[in-house]
K.L.:
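Take this structure first; my questions come after.
Start at 1 and go down the list; that is how both ligands and their atoms are numbered.
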Amino acid sequence: MRRATESKDIMETTLNIKKIREDFPILQTLVHNKPLVYFDNAATTHKPKAVIDKVAEYYLETNSNIHRGVHLLSQKATSEYEAAREKVLKFINAKKLSEIIFTKGTTDSINLVASSFGRAFIKEGDEILISYMEHHSNIVPWQILCETTGAKLKVIPINDDGELIMEEYEKLLSPRTKLVSIVHISNSLGTINPVKKIAEIAHEKDIPVLIDGAQGIQHSKVDVQDLDCDFYVFSGHKLYGPTGVGVLYGKQRLLEQMPPYQGGGDMISKVTFEKTKYNTLPYKFEAGTPNIVGVIGLGTAIDYMNGLDTENLFNYEHELSEYAHEKFRNSFPGLTIIGNAKEKTGIISFILEGIHPHDIGTILDFEGIAIRTGHHCTQPVMDRFGVPATARLSLGIYNTREEIDYAVNSIKKVYEVFG
Ligand code: PMP
């Protein structure tokens, strides 16, 4: 592999990162009178002007409820909402529109599956298999399900580099395993999991697989047919789209057997007091007025991504990540990176000997640098590595080497302050 430093300006210039940065108005903001350097992309990404304009345009020119109106604005809102479904389908290469369900986000999508798949398929003594590196939103919904059904949660261990131990995974699959639910890319370690292989192994035993793509969708090309996963979930706000919107992709065969998650308008075809007939997919799972503008904005975020050279952009992110790792490792003797998987994305979670991560975050904030400190909603990962918290930089498509250099110099100031 090329060393990150050798290809320094080639990628940035070819991809025109400067132009991409201009698409994101917030990057011009000053924070404590310093230019904003945003390294909190795993928490949420910024929005390109195209998305912001679309959201404003929707409220200025369209704003109406969908599916039920005969008037022009309602029809326009409906067709833009449904067009976004088609954009998602193409973006992740799903087979059918009926397999794309709009939710509030990753957390909501996982809760939907835990509740609905749970009611259809899980009983006492069954097992759900997750991993040690899951976000709380891929732990707690399964614990709630286990509490109500008497099923058991099993956990695949990880090694000291933060990689799944695949032999243990295979050993943990049993005739009682009813679902495997695994994160695509870990938000606290950066590990890219071999999700295609994971699905293949589970499918040999006819076990469905859910992939938490909250950090996968914006850093890799996702093809749900190629992955052959049964469910893939993600949030709009981590894909340069609005908050409060997300996607549940599910194979039709499974979605059809699953009962509704919530009852209400739009998810029905006929209601009487004696019996209600549910709507067809995907509407069966979209009760009530959805986040219409969020869905439409997500569609625009997907258009935006489609307009970029994403293949090279993902390579660029990877090289930027290698550059950051090298810089961090070589600049600070007391610095430990938590998560050193061979397959890793642009997440640098670290601790500095004798300095609390919150202090690092606060000092960097005064330099205009936004990072995240804490447990990153992955407390079991923190326990596994024996740390209460880490400081985390997470990269996005608009970050640059100059920003990494600036962060390294600013961390030197943290050392100065804390001796
Ligand atoms: N899973 C992972 C891996 C995440 O990084 C996150 C967000 N940090 C979530 C799930 C939850 O996403 P949301 O809060 O958008 O529902």
K.L.:
Report yes or no: is the cationic atom of K221 (NZ for Lys, CZ for Arg) closer than 6.0 Å to the six-membered ring centre of F91, at no more than 45° off its axis?
P.N.:
yes
K.L.:
For E170, check salt bridge (Lys or Arg N to Asp or Glu O under 4.0 Å) against everything at least two apart and list the hits.
P.N.:
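E170 satisfies salt bridge (Lys or Arg N to Asp or Glu O under 4.0 Å) with no other residue.
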K.L.:
I need the contact residues for ligand 1: any residue with a non-hydrogen atom closer than 4.0 Å to the ligand, ordered by chain then number.
P.N.:
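The 4.0 Å shell around ligand 1 contains A42, T106, T107, H135, S137, V183, N187, D212, A214, Q215, S235, H237, K238.
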K.L.:
Between R372 (side chain only) and A43 (backbone N and O only), is there a donor and an acceptor less than 3.5 Å apart?
P.N.:
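No, R372 side chain to A43 backbone: no donor-acceptor pair under 3.5 Å.
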K.L.:
Evaluate the ring pair (Phe, Tyr, Trp, His ring centres under 6.0 Å) criterion for residues H136 and H375: first the C-alpha distance (whole Å), next the side-chain angles of each, then the deciding distance (0.1 Å), finally the verdict.
P.N.:
CA-CA 10 Å; H136 295 163; H375 53 62; 5.5 Å; yes
K.L.:
Is there any salt bridge (Lys or Arg N to Asp or Glu O under 4.0 Å) pair reaching into residues 296-311, and which pairs are they, with sequence neighbours excluded?
P.N.:
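Checked against salt bridge (Lys or Arg N to Asp or Glu O under 4.0 Å) - neighbours excluded - the pairs reaching residues 296-311 are K87-D303.
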K.L.:
Quick one: which residue pairs count as a side chain to side chain donor-acceptor pair (under 3.5 Å) with a foot in residues 48-59, not counting sequence neighbours?
P.N.:
K49-D53, K54-E57, K54-E80
